[in-house]
Structures are given as C-alpha cells and as structure tokens.
Amino acid sequence: MSDAHNNTILSVNNIEVIYDHVILVLKGVSLSVPRGGIVALLGANGAGKTTTLKAISNLLGAERGDVTKGSIEFEGEEVQALSPNDLVRRGCIQVMEGRHCFGHLSIEENLLTGAYTRKDGNAAIKRDLEMVYNYFPRLRERRQSQAGYTSGGEQQMCAIGRAMMAGPSMILLDEPSMGLAPQLVEEIFEIVKQLNEKEGVSFLLAEQNTSVALRYASYGYILEGGRVVMDGEAKELSENQDVKEFYLGVGGEGQKSFRDVKHYKRRKRWLA
Amino acid sequence: MSVEFGFFLETVISGLMAGVMYALVALGFVLIFKASGIFNFAQGVMCLFAALTFVGVQEKFGLPAWLALPAAVGVMILLAWLIERLVLRHLVNQDPIILFMATIGLAYVLEGLGDLMWGSDVKLLDIGLPQGASDYMLDNFNLYVEKLEVVAAVIASILVAALAVFFQKTRVGRALRAVADDHQAALSVGISLNTIWVIVWSVAGIVALVAGIMWGSKSGVQFSLSLIALKALPVLILGGFTSIPGAIVGGLIIGVGEKVAEVYMGPFVGGAVENWFAYMLALAFLLVRPQGLFGEKIIERV
C-alpha cells in the first residue's frame, strides 16, 4: 500500500456528483495522478471535466454540488471533508476555467493573494514571486497593471502564477487554452511542462484541445457523459483510431459522406 | 469678507460636517456590500447598537470611556462572529434578496437586543469631545464653526485613512479586495470566505461604532440614530455602492447640498427641504447615472 501511495499523489475512486440534489453529473469517475506527472482529462463540453476538478478541490459546495459516492485521496488521505483552504494549505490548488483573476488588483497583488495561506514568512514569498516572474517574464513587465486590463494570455499566466505562489505540489488546471491563440497555448503549455520538471509540481489538466494536451501529458483519461470511457498512455491515446476520429479530427479517409456521419454517431454512442 | 458670503461658508462647512457623518454610515454599507454582495439594511441599527453598548457599559459597569471603547469594539466583533455563524453561513448561495431580508430581520433583532440590554431611554453620550463654537474661527474669520463637528471630521478622516492603508497594504486587506472581485477565485486560492465575512462585518461594526459615537455626542443616543441609515441610501446611490471614495464624496455632496438647499431654497417652498433633498438628488441620479459617481458599471450579458 505504501509503495502505491508514494507514487500516486492523487487518486479519485469512483465518485458520483449530484448538483442541486437532482442532477447527476458524474456517474462514477476514477482516475489517478502519479507524483510528478502531467495527466490530461479530456472530453467535450459538458462531459464533466470541470466538475471532476471541482470535486477534488472541494469548490463544488459553492455551486450546490455534492460528492455522493466514492472517495478522493490526496497524498494518501481522504480529503472530501476538508475546506478548499485546507486543501490549498496541503498543496493542492485549482486554477479555474476562465482564469478568474482579480480584475481590480494589480498583477503583483494577484500573485500575492496566491500566498495567502502561507505561513513561511515574507522572504520565502518574495523568493517565489521572483521564481514566478522568471517563468513568466511578461508578468514582470506588467506587474503594476490592473489584471482586468491585461490580455487573455497574461491573465492565464497570472492565474497559473498565482497558484504557484501557494507553493503547491499539485495543480488542477482547468482549460488553460480557452480563448487563446495557438501560439500562446503552446507557450503556456511549455511553461507548465517546465514547472512540472523543474519545480516538481504534478498537474491534472482538463482540456478540450486534445492534441496539445496529449502532447504534453504522459497519461490521459477521456470523459464522456460523466464517465471515463477510455484511458491510457498519452502516446497510445493519440494513436488510437477512435480518439483520432472523435477528438483529433483526423479520420484518415478524407472527405466523409453522410452515411459515415451516421456511423460516427453510432460508434460514439457505443463508446459512451 | 461680506456677511452674506460668511454665512454661505458657514452653511457649507456645517453641511460638510454632516456629510462626514453620512459618509461614515455609508462606508459601513459599502464594506459589506463589496465583500459579500449583501445590502446590509441593519447598518444603521448597528450604529445605534454600538453607541448604546458604548454608553451602556459606562452606565452599568461604571467603566471609564477609554475602557468602554475597546469593550464596545469587542462586542461589535463578537456580533460579527455571531452573525456569520448564525445567519450568513446558512444562507450561502442564496439570492441577494434573501440575504437582504435576513439583514432586515437582523435590524429588528439588534434593535430589540439593544433595548433589552441597555434600556430604551434617550442617553447622553459625553466622552469629553469639545462642544460649542470654535473661538479661533470666530475671532480670525468671523465664522461660526462647531468644535464637535471639526473633531468628528478629523476622526472620520483618520478612520478612512486607516481603512485605506488596511485595504491597500495588508495581506488581509488584499484578500478582502480579492473576495470583492471574485468570490470563486478567492475560494480557489485558499481564502476562507467565512473568515473574511467575520472580518468585514467587524470592520463595518467598528465604523458603525465610530459613527454612532459621533452622532450620539451630537444629539444623544436614541432610536432615531438608526434612521440616519436611510440617509446613507441616497449617499450610496450618489457615490456608487461599491466605492469607498464614492461613499465619502457622496456623503459630502448630500451633506452640503441639503444644508445649502434648506437655507437658500427653503424660504420659497416653505422649508423642510433638508428632509427630502437627498432623496430627490438620488432619484435624479438613478435616472441619469444609475451606477453612481464612482460605482462600477455593471455589464451583464443576457
């Protein structure tokens, strides 16, 4: 047991999530993130990616969601009863979809709020601020600007940098590519990879941009209709025929006729 | 300086001083509204309750004023904690209107509680603030200026400056502003909303205490104190619900406006302009600039 736990930082076991006591969103999702790994959580809109991440970080309560079954273990301990701030203190922090920077605060103030839960003194916080600026030189340039007036890419960097300021061992990153130009997406994923390699932060990454996510992740889970329908090494997944067809948009057979589309739908139903 | 201009100046100054008081009450509203989106109807009653407590502990326990002040501050913090525990915590995720209703209930509870604990008679509040006209102004500028009003203005400015430093420079102040900007994100970086609520209601309680003491030493501690909260409403509409500078500027404009209007317009319409001027001004503002002078323009996609 101890060995498995040492190598697994996060494990989600068969969780079910119900919103507002009636709407069943996750119907038994299991996944695990190895220590120091990048794991991608893929799927279309409404598949349950965000809900899964929020279930882990315990932000569901604010949206009347409830984990009704299953368990979530972070660092080998059950964490469902913890408040979001306890979890952040233990090293698991979420970067929410849509960036959610504090618009009226400057970039630097945004980053400093990330260190809110820390108790290790100003010197350490300053050091980490410097570290974040080194990874995101653009943020250093704009440190005094109000976050609300910075570009989407800068806000995404600010959100990730803010999470890094908490000194986390694990970041739940929700759709970092949203609304960004492909070049910026590449830039941000490159930094995520560096943070993973140099700072030893594990990532669970929810993405719709399957091709980019599978290039940077080592392992992937595909969610559909609140269930994990497929999982595997990132390489395997990106070579899988179904994934190629449904998520990467490469059919291999050129133009499709309407009959093929019907076929597509049928196969997709089978998958779900 | 002509007598007429001197009189005008006196009117303006006295209006400014009244405006400072309005601004203090409005400030309490803004703090809570910004941090939790709750329009706290009980803010006026909190002024009354705070002032009653301040006088009450002096009367009942014979504490000197300098001890009664921290005692009253303590009571306001305890009150903030109780409100979070008993009310806010259970109403998370409810519509703003429900929270607003809850604060109306809170207003009645506090009013009753104040009466119950300290009695409902009009109380004299005297903490030795200087009274009467300032000789200096009278001798040098031939102006009649109340000393108490000057002291009130100075104390209010110190309080506002202290709040500004607290909000801009401290870790908790930063967290408060973060919560005001984006609840969800604040939660996600590990800021506990419950703690923030206790802090912000405590600060609002302390602001209410200062406002209560100022009004109380001017006109005694009595039930009508809670009605100045109604005057804070036009102040907020004028200044914007989310802006601290707005509350201050709005307070000053209303204070000066109603005094000047009373003096110069009153004789033509049979007086009592002071009672409705603020509301008319607010109404005009609602028509022309609903977000107020400094409020955030709310852009909503539908």
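Basis for what follows: all heavy atoms, side chains included, without hydrogens, waters or symmetry-related copies.
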Looking at NE2 of A:His104 and CZ of B:Arg177, how far apart are the two atoms once the value is rounded to the nearest 0.5 Å? 10.5 Å
Just checking, B:Arg174 and A:Tyr116: is the charged tip under 6.0 Å from the six-membered ring centre and within 45° of the axis? no
For B:Ala178 against A:Thr113, the heavy-atom pair lying closest together: CB-CG2, 4.0 Å
Of all the heavy-atom pairs spanning B:Gln184 and A:Met96, show the shortest one and how long it is. C-CE, 3.4 Å
Crowded around A:Lys119 NZ? As in, over 12 foreign heavy atoms under 6.0 Å? yes
Atom NE2 of B:His90: over 12 foreign heavy atoms under 6.0 Å: yes
Contact part of B:Ala186 toward chain A, heavy-atom cut-off under 4.5 Å: side chain, backbone, both or neither? both
Kindly compute the distance separating CG (A:Asp174) from OG (B:Ser188), expressed to the nearest 0.5 Å. 10.5 Å
Taking atom CG of A:Asp20 as the centre, report whether more than 12 heavy atoms of other residues, nucleotides or ligands fall under 6.0 Å from it. yes
Separation of B:Asp181 CG from A:Gln146 CD (nearest 0.5 Å): 8.5 Å
Note: vs chain B, highest number of non-hydrogen pairs under 4.5 angstrom among A:Ile93, A:Leu105, A:Val95 is A:Leu105
If you tally heavy-atom pairs under 4.5 Å between each of A:Arg64, A:Arg99, A:Met165 and chain B, the highest tally belongs to A:Arg64
With rounding to the nearest 0.5 angstrom, report the CG to OG distance, A:Asp86 to B:Ser192. 9.0 Å
Closest-packed option against chain B by number of heavy-atom pairs under 4.5 Å, given A:Asn58, A:Leu112, A:Thr117: A:Leu112
Whether the side chain of A:Asn85 engages the backbone of B:Ile191 through a donor-acceptor N/O pair (distance < 3.5 Å, no angle test) should be reported. no
Are there more than 12 heavy atoms of other residues, nucleotides or ligands under 6.0 Å from atom CZ of B:Phe100? yes
Among A:Arg162, A:Gln94, A:Glu109, which has the most heavy-atom pairs under 4.5 Å with chain B? A:Glu109
Under 4.5 Å heavy-atom distance to chain B, tell me which part of A:Ser57 shows up: side chain, backbone, both or neither. neither
Can you find a pair of side-chain heavy atoms, one from A:Val88 and one from B:Val189, that are under 4.5 Å apart? no
